[in-house]
Structure formats: C-alpha cells, structure tokens
Amino acid sequence: MTEKEMWSSFCSECRIAPDTPYEAWAFCGGGPFANELAALVLEGTKTATASSLIAYETEGAPLPEPGCYSVVLYEDGTAAAVIRDTKISLVPFDEVSPEHAYKEGEGTRTLEEWRDIHRRFFSPDYQAAGKEFDEKGICVLEEFALVYPVPAPKE
C-alpha cells in the first residue's frame, strides 16, 4: 500500500478530513532497520522515537508538534502505519531518561543500549553540520500512538 493509499484509508475509516496535514517517513532514514522498527510500532512495543535537533536545523525542517500525524514507511517506501504524536520534548542527549529508552522498544530497551545506538545514529547529523557529536546536544523526543491500522485491544 502506498503512503497516499494508507492516508486515504485512514481518513475514510476514522472520519478524518483528507486534507489534514501529515508527514511520511521511515525510521532510520529508510535504512536497514526501518522494517524492524515499523514492526515494533505495529505490535505496540515502540511508542517513541528520537532525532537530533541539529538534523532539523541543518535541513531547515519544522519540529513535530503534539497532534501531528505521520505515515510510517517500510524501507521500500510502502506504508506500514499511521501514528499521531502525543508528546514532544527537547532534552540533552545525556539527560534522556531510561523510561524514554524503554518506550523506543529497541533491543534490550535499556538506556545504555539506547545511548550506544543513538550516539552512532546521530553522529552523521553532527558531521553534516561540521561538528563533533555532543553529549549535551539536544534530542527531539517524540512519543506517539498507533492510530492506523487500529490496534487490537490489549488483553
């Protein structure tokens, strides 16, 4: 299913105006972990994500806001899910909480593993801005809810 087809189905089934703005993107910039992370969203394990503020600044992109919709894509560009941001926080890398790391749903879900993964993932963002990775650099933390396909009720 394409991004536009999923958005149209979501809007129709959930009675959302089809001209409601949304973004379409894949985790990890569409890299090799995009499918795995999309699957974690669909199973309800992944309810948060993080980006570096410096990437938004370098790209001149607006920050997400609570209530924003996104169509999450698989690595091949097909649509996986629609999510809606519930909370956005700007937090220094070295102050990200264990709770946030757990909500990201990856690996062992520990803060130590989160820091290791995200240090490597954010480093190219800093390099693109002509800087070294900064432990005090600001992270854009997003918490979200899966809104389509409609999640099954938890038992």
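Side-chain heavy atoms closer than 4.5 Å link hydrophobic residues (I, L, V, M, F, W, Y) into clusters, and following such links, even through other members, never connects Ile88 to Phe27. The cluster map of Ile, Leu, Val, Met, Phe, Trp and Tyr, joined by side-chain heavy atoms under 4.5 Å apart, puts Phe122 and Val91 in the same cluster. Hydrophobic clustering of Ile, Leu, Val, Met, Phe, Trp and Tyr side chains at less than 4.5 Å, counting indirect connections, keeps Leu111 apart from Val140.
Residues Tyr56 and Pro64 meet the side-chain proximity criterion, which asks for heavy atoms closer than 4.5 Å. Proximity of Asp134 to Pro92: side-chain heavy atoms (C-beta onward) are nowhere separated by under 4.5 Å. In this structure, Cys11 and Trp7 have side chains that are in contact, with non-hydrogen atoms separated by less than 4.5 Å. Within the 4.5 Å cutoff, side-chain heavy atoms of Leu63 are placed close to those of Leu53. Using a 4.5 Å heavy-atom threshold, the side chains of Val96 and Leu141 count as touching. Proximity of Val71 to Tyr148: side-chain heavy atoms (C-beta onward) are nowhere separated by under 4.5 Å. With a 4.5 Å cut-off on side-chain heavy atoms, Lys136 and Asp94 count as touching. Considering only heavy atoms from C-beta on, Leu37 comes within 4.5 Å of Glu106 through its side chain.
The shortest non-hydrogen separation linking Phe144 to Asp85 is CB-OD1, 3.9 Å. When all heavy atoms are compared, the tightest approach of Ala79 to Tyr74 is O-CE1, 3.6 Å. Closest of all the heavy-atom pairs between Thr45 and Arg109 is O-NH2, 3.3 Å. Here the closest heavy-atom approach between residue Glu135 and residue Arg119 is recorded as OE2-NE, 2.7 Å. Closest approach of Trp114 and Ala50 over heavy atoms only: CZ2-CB, 3.7 Å. In plain terms, the two heavy atoms of Gly67 and Arg84 that are nearest each other are O-NE, 3.0 Å.
Note: Tyr22 and Phe10 fail the aromatic proximity criterion, with ring centroids not under 6.0 Å apart.
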Apply the test salt bridge (charged side-chain N to carboxylate O under 4.0 Å, His left out) to residues Glu104 and Lys46: give CA-CA distance (whole Å), side-chain angles for both, the deciding distance (0.1 Å), then the verdict.
-> CA-CA 5 Å; Glu104 287 215 24; Lys46 183 171 184 61; 3.5 Å; yes
Checking side chain to side chain contact (heavy atoms under 4.5 Å, CB included) for the pair Ile83/Thr47: CA distance, chi angles, key distance, verdict?
-> CA-CA 9 Å; Ile83 60 173; Thr47 60; over 6 Å; no
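A donor-acceptor contact shorter than 3.5 Å is absent between the side chain of Ser123 and the backbone of Phe133. The backbone N or O of Ile54 sits less than 3.5 Å from a side-chain atom of Thr58, completing a donor-acceptor pair.
Distance check: Thr49 OG1 to Glu143 CD gives 11.0 Å after rounding to the nearest 0.5 Å. Distance check, rounded to the nearest 0.5 Å: NZ of Lys131 to CG of Asp125 gives 12.0 Å. A distance of 8.5 Å separates CD of Glu36 from SG of Cys28, quoted to the nearest 0.5 Å. Separation of atoms OG (Ser89) and NE2 (His100) is listed at 8.5 Å; rounding is to 0.5 Å. Rounded to the nearest 0.5 Å, atoms CG (Leu73) and CG (Asn35) are 10.5 Å apart. Distance CD/Glu3 to CE/Met1: 12.0 Å, rounded to 0.5 Å.
No more than 12 heavy atoms of other residues, nucleotides or ligands lie within 6.0 Å of CD in Glu132, so this atom counts as exposed by the packing criterion. Counted within 6.0 Å of CZ on Phe33, heavy atoms from surrounding residues, nucleotides or ligands total 12 or fewer; the atom is thus considered open. Within a 6.0 Å radius of CD in Glu113, more than 12 heavy atoms belonging to other residues, nucleotides or ligands are found. Counting heavy atoms of neighbouring residues, nucleotides and ligands inside a 6.0 Å radius, atom OH of Tyr126 exceeds 12 of them.
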